[in-house]
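The structure appears right after this line, and notes come after that.
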Amino acid sequence: MKSPIYVSALALMLFAAGCKIDNYPAPDAQLYGTFLDAETNEPVEQDIIRGSTIEYIEHGYASQTKQVMLVKNDGTYRNNLIFANQYTITPVRGNFVPTEPQEVTVAGETQLDFKVQPYIRLKDAKIEKSGSKVIATFKIQQTVINNVRKIGLYAHPEPSVGEPMRTVLSETEINGATDPNKVYKLEIDIPSNSNNLKTGNQYFFRVGAIIDAPESKFNYAKAVRIAL
């Protein structure tokens with residue numbers, strides 16, 4: 001049987017070891033910014049689920065492990081738990097033409113905006129309730145020669161509505177080039193979707209389109225709140 005003195009000494013050693021681990025410095029910097037359309041300077045709308053991501057590598061370590069930040073649906077991002085240091089930062093798998101990695105010094109509160117070329121711009125978007133339907137009209141401006149795969153109108157109770165976060169949708173396959181002067185129209189019939197769209201409630205509606213490019217994501221217009 002171990003003596004009380006031996007047990008106490010062992011406990012002190014374990015406590016001291018624990019204190020050593022806890023004494024590592026905490027993250028002391030913040031990194032934030034917005035994905036902006038290089039032509040219009042407007043935020044590039046994203047998906048909150050399966051949207052664009054930012055990969056970053058902190059310099060000074062042999063592992064060169066890639067870490068990831070997610071982008072919000074309004075095109076902004078923020079990391080309040082990052083160490084002041086040198087980083088290589090690259091937006092990846094987005095709804096814009098791929099960009100080159102950037103070497104960035106993060107110190108204190110650091111703002112880093114990304115000027116990008118979205119694959120598609122949704123222009124003159126209008127989403128309105130008309131009778132028993134919600135109708136969306138918009139134009140499509142492609143910035144690359146790739147085909148547009150499909151367009152969609154999505155509905156959800158939350159403002160982060162999009163293709164992967166919707167309770168009701170109306171989609172049309174395009175699989176070709178689009179006419180920038182054509183007004184595209186999508187509609188959702190409310191009575192036909194009464195299980196998910198309750199009369200008297202408010203929902204968010206958003207139009208989107210996706211280009212046919214590797215790892216591309218949807219481009220969107222802003223979400224619109226409508227009371228049914």
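This structure is a prediction, so every number in the text was calculated from the model and none was measured. Just the heavy atoms: all of them, side chains too, but no hydrogens, waters or symmetry mates, feed the values below.
Between Y119 and Q142 there is no side-chain heavy-atom pair separated by less than 4.5 Å. Using a 4.5 Å heavy-atom threshold, the side chains of I127 and V207 count as touching. Side-chain contact between L197 and Y203: present, with at least one pair of heavy atoms (C-beta onward) separated by less than 4.5 Å. Side-chain contact check for S216 versus I210: some heavy-atom pair is nearer than 4.5 Å. Using a 4.5 Å cut-off on side-chain heavy atoms (C-beta onward), F205 and I188 make contact.
The two residues Q30 and V106 come nearest to each other via the heavy atoms O-CG1, 4.2 Å. The minimum heavy-atom distance linking T167 with N196 is given by the pair O-ND2, 3.5 Å. What you find for S52 and V71 is that their closest heavy atoms are O-CG2, 3.4 Å. For the residue pair L186 and G152, the shortest heavy atom distance occurs at CD1-C, 3.4 Å.
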Worksheet item: Are V68 and K66 close enough, and set up right, to give a side-chain contact (heavy atoms from CB on, under 4.5 Å), and what steps lead you there?
Response: CA-CA 7 Å; V68 174; K66 289 181 180 177; 5.7 Å; no

Item to complete: Could you walk me through whether N80 and Y32 pass side chain to side chain donor-acceptor pair (under 3.5 Å), step by step?
Response: CA-CA 8 Å; N80 290 329; Y32 70 97; over 6 Å; no

Worksheet item: What do the steps show when you test N147 against R149 for side chain to side chain donor-acceptor pair (under 3.5 Å), and what is the final call?
Response: CA-CA 6 Å; N147 288 336; R149 284 169 49 198; over 6 Å; no

Worksheet entry | side-chain contact (heavy atoms from CB on, under 4.5 Å) assessment of R121 paired with D37 | CA-CA 9 Å; R121 296 187 180 99; D37 187 324; 2.5 Å; yes

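Judged by the 6.0 Å distance and 45° axis criteria, R206 is not positioned over the aromatic ring of Y154.
Listed by chain and number, the residues in a ring-ring contact (aromatic ring centres under 6.0 Å, His included) with F204 amount to none (sequence neighbours excluded).
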What pairs of donor and acceptor atoms, side-chain ones from residues 221-228 against any protein atom, are under 3.5 angstrom apart with sequence neighbours left out?
residue	atom	partner	partner atom	Å
K222	NZ	E45	OE2	3.4

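Within a 6.0 Å radius of NZ in K133, no more than 12 heavy atoms belonging to other residues, nucleotides or ligands are found.
Aromatic ring centres of F96 and F35 lie closer together than 6.0 Å.
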